[in-house]
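Only this structure's heavy atoms are used, side chains among them; waters, hydrogens and symmetry mates stay out. Labels below follow one simple rule: chain letters A, B, ... track the order of the sequence lines, proteins then strands, and each chain is numbered from 1.
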Amino acid sequence: MLSFLKDPTLTTEQVAKELLGCLLVKEDEIGITSGWIVETEAYVGVQDEACHSYNGKRTPRLESMYKKAGTLYVYQMHTHHMVNIVTRTSDEPQAVLIRAIEPYEGVSIFEEHRKRKGIELTNGPGKLTKAMGITMEDNGTESDKYPLYIASQKKRVPNLIQKSKRIGIPNKGHWTDALLRYSVEGNPYVSRRKGKPMNDHGWEAMIH
DNA sequence: CAGAGGATAAGCT
DNA sequence: GCTTATCCTCTGT
């Protein structure tokens, strides 16, 4: 388990930033796929009108959000899956949505799942789950365990973390404008980005 | 049982 | 660039 996921002094916003550069890995019978997290969004619990657990809402679908920090919360929206990492304690159902990754291992498997190439493989929350084969079977599992986990041995460091409004949160008062979306500035896999990506993809040197 | 929601892809302009 | 179909889960009528 990554140490920052079990640190009760960190806010969900801080965890969302810490997750940038972490390696998300899926291991199954098909093979190993992995990618560096380049975009996250913080959903800060019962007071956050954009959060599923807003106002203490609790349904069978949301049960994973009420589990311990580090639990994976996967849900389906329209025909797509979204993957989140639960933060803090069971009393505070908060989570970080993983919105985009930069492919690292298993690119050919990504291409097979997505029927596409390049940045289209993983530049969106529904795209990366399809690329890695993440399904409801991964819901409620822990993020330090097979088959879907965050590697603790490898991490990259963003040169600059860009803050912006969360995607798709209209008519939610100040929550609509809250800067709770974090991305690696200049990384080509960040969703809905414009302009030229940076040559180094926005990373400092890799740490092993 | 209609409607909305943390989205995507295809098709059009 | 914008519009539309997609067809899961939950809520409110």
Roughly how many Å is it from [atom1] in [X] to [atom2] in [N], rounded to a whole number?
{"X": "H52(A)", "N": "dA7(B)", "atom1": "NE2", "atom2": "C1'", "result": "12 Å"}
{"X": "L97(A)", "N": "dG5(B)", "atom1": "CG", "atom2": "P", "result": "17 Å"}
{"X": "L62(A)", "N": "dG6(B)", "atom1": "CG", "atom2": "C1'", "result": "13 Å"}
{"X": "Y54(A)", "N": "dG6(B)", "atom1": "OH", "atom2": "P", "result": "13 Å"}
{"X": "H81(A)", "N": "dC8(C)", "atom1": "NE2", "atom2": "P", "result": "11 Å"}
{"X": "Y75(A)", "N": "dG5(B)", "atom1": "OH", "atom2": "P", "result": "13 Å"}
{"X": "Q94(A)", "N": "dG6(B)", "atom1": "CD", "atom2": "C1'", "result": "16 Å"}
{"X": "I169(A)", "N": "dA7(B)", "atom1": "CD1", "atom2": "C1'", "result": "12 Å"}

R99(A)/E39(A) ion pair, N-O < 4.0 Å: yes

Short N-O contact, R116(A) and E111(A), less than 4.0 angstrom: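 Answer for the salt bridge query: no.
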
Hey, does [X] reach any base, or is it just sugar-phosphate, or nothing, if we go heavy atoms under 4.0 Å?
{"X": "R181(A)", "value": "nothing"}
{"X": "E120(A)", "value": "sugar-phosphate"}
{"X": "K130(A)", "value": "nothing"}
{"X": "R61(A)", "value": "sugar-phosphate"}

First of M136(A) and H80(A) reached from the 5' end of DNA chain C, by closest nucleotide: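 Here H80(A) is the residue nearer the 5' end.
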
Whether K26(A) side chain and G133(A) backbone form a donor-acceptor pair below 3.5 Å: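 Looks like yes, one N/O pair under 3.5 Å.
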
T11(A) OG1 to Q94(A) CD distance, which is reported to the nearest 0.5 Å: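 Separation between the atoms: 8.5 Å.
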
Distance, nearest 0.5 Å, that separates CH2 of W175(A) from CZ of R166(A): 6.5 Å

Closest-nucleotide ordering on DNA chain B, the 5'-leading residue of A95(A) and R116(A):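 Looking at the nearest nucleotide for each, A95(A) comes out on the 5' side.
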
Pairwise 5' ranking along DNA chain B for K172(A) and R114(A), keeping only the more 5' one: K172(A)

dA7(B) pyrimidine/purine six-ring stacking with H78(A), under 5.5 Å and 30°: yes

Under 3.5 Å on both distances, the Watson-Crick or G-U partner of dC1(B): dG12(C)

G-U wobble or Watson-Crick pairing nucleotide for dC7(C) (cut-off 3.5 Å, both distances): none

What's the closest nucleotide to the side chain of [X] if the choices are [options]?
{"X": "M82(A)", "options": "dC10(C), dT9(C), dA7(B)", "result": "dA7(B)"}
{"X": "K57(A)", "options": "dT11(C), dG6(B), dT8(B)", "result": "dT11(C)"}
{"X": "P60(A)", "options": "dC10(C), dC8(C), dC7(C)", "result": "dC10(C)"}

Minimum-distance pair of heavy atoms, taken over all atoms of R61(A) and Y73(A):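 In this case the closest contact between R61(A) and Y73(A) is O-CE1, 3.4 Å.
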
